[in-house]
Amino acid sequence: MFRATLKVVLSAVIALAATAIAGAQDFPNRPLTMVIPFAAGGPTDVLGRIVAQRLGEVLGQQVVVENVGGAGGGNGSQRVANAPADGYTMVLGTVGTHAQNQTLYKRPLYNAEGDFTPVALLADVPIVLVIRKDLPVKNFKDFLAYAKANAAKMTFASAGAGSASHLACTVFNTAAGLPITHVPYRGTGPAMQDLQGGRVDYLCDMISTAKPQIDGGAVKPIAILTKDRSPALPDLSSAIEEGTQVEAYTWNAIFLPKNAPKPIVAKLNAALVETLKTPWVRERLEGLGAVVVAPDRQTPEYLTSFVKSEIEKWAAPIKASGVQVE
Ligand code: MLT
């Protein structure tokens, strides 16, 4: 009786393993979905669509982009955390969705480390503080003086509580001593539209979507929030150069749901590495001011430890800001 049961169990295990291997061998044999956890037209969307197009060519299957906004990127990320771990549904995460919101939210919608399988870090993206074009200030110094004098009636926009744009302006406001009201959107795409329409006063946007608006004169740049200036906006000084000790940035990385089969993770990682090597992809990303990460930072192992260190790194400044979402 025992022997018979053992035989049945063993056959089931072997059959399951064989299905997993076969699944990995012909992966992908149908279109994949890349969830962008923000509204269309924003920086995650812009970068995601460039990567999805080339990734589809490399994999020989279309990569369909799906925008699922809300909760500062939490809704779309949660959708992927709960999806089947078969490699067909991935999320393009950010420092907000996979690090900062873990401290900002009293009860995060998911565990950024435990509920996902890290696949590849793609790019580092600087953040720029931009203001509505009719705000009567010309430079960083004027802006600080104006914002201090008018804090009670000013607003800043973001892609929602826990997004990179929210945390960037939050740590900036803390460092500069500015108690300003937050207006959340489902992405910095719609937030930028309202900044252009003069309905909010400033936004900490990713350089990739801020630069075209700055170049076109639709909004005014005040400072870059990375330590160093960006070659994409070489004349724009950093907040640190201007005397405000603050650093904020985002990054973009691909995650699958937890327990994704190793051979599928390896295939997807190799395809993403190939995507990032493609000259037109690099040109477009770099033209937007995004910085494709070095090959040693593109591995699943690197992303696993990076997420851990980013969660730890951001915990202190978020706690110091006193901002928490129930
Ligand atoms: C953010 O974290 O602020 C996002 O990247 C914004 C967006 O993509 O809309």
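Start at 1 with the first residue, then count along the sequence. Counting convention: from 1, in listed order, for ligands and their atoms alike.
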(message) On a heavy-atom basis, I'd like to know which of Ser208, Gly187, Ala164 is closest to atom 2 (O) of ligand 1.
(response) Ala164
(request) For Ser163, counting its heavy atoms only, list the atoms of ligand 1 lying under 4.0 Å from any of them. (result) 1 (C), 2 (O), 3 (O)
(request) State if Thr250 counts as touching ligand 1 under the rule of any non-hydrogen atom under 4.0 Å. (result) no
(message) Please determine whether a side-chain nitrogen of the Lys or Arg among Arg30 and Asp86 lies less than 4.0 Å from a carboxylate oxygen of the Asp or Glu.
(response) yes
(request) Check whether NZ of the Lys or CZ of the Arg Arg132 lies under 6.0 Å from the centre of the six-membered ring of Tyr202 and within 45 degrees of that ring's axis. (result) no
(message) Taking 4.0 angstrom as the limit and counting only heavy atoms of Ala159, give me the atoms of ligand 1 inside it, by number and element.
(response) 1 (C), 3 (O), 6 (C)
(request) Verify the ring-centre separation between Tyr185 and Phe38: is it less than 6.0 angstrom? (result) no
(request) Please work out which of the three classes, parallel, tilted or perpendicular, describes the rings of Tyr110 and Phe116, given edges at 30° and 60°. (result) perpendicular
(request) Please confirm whether Ser165 comes within less than 3.5 Å of ligand 1 when only nitrogen or oxygen atoms on both sides are compared. (result) yes
(request) Take every heavy atom of Ala39, measure it against each atom of ligand 1, and state whether any distance is under 4.0 Å. (result) no
(message) Tell me whether Gly96 reaches ligand 1 (any heavy atom closer than 4.0 angstrom to a ligand atom).
(response) no
(request) Check ligand 1 against Thr44 and write out every atom of the ligand that is under 4.0 Å from a heavy-atom position of the residue. (result) 4 (C), 5 (O), 7 (C), 8 (O)
(message) Surrounding CZ of Arg79 (heavy atoms of other residues, nucleotides or ligands, distance under 6.0 Å), is the total greater than 12?
(response) no
(request) Classify the contact between His166 and ligand 1 as side chain, backbone, both or neither, using a heavy-atom distance cut-off of under 4.0 Å. (result) neither
(request) With heavy atoms of Met206 as the reference, note each atom of ligand 1 found under 4.0 Å away. (result) 1 (C), 3 (O)
(message) Can you confirm whether Ile131 sits close enough to Val219 that some side-chain heavy atom of one is under 4.5 Å from a side-chain heavy atom of the other?
(response) no
(message) Can you classify the ring geometry of Trp251 versus Phe255 as parallel (below 30°), tilted (30 to 60°) or perpendicular (above 60°)?
(response) tilted
(request) Within a distance under 4.0 Å of any heavy atom of Thr188, pick out the atoms of ligand 1 and give their elements. (result) 3 (O), 6 (C), 7 (C), 9 (O)
(message) Check this for me, if you would: do Asp124 and Arg297 make a salt bridge, where the nitrogen-to-carboxylate-oxygen distance has to be below 4.0 angstrom?
(response) yes
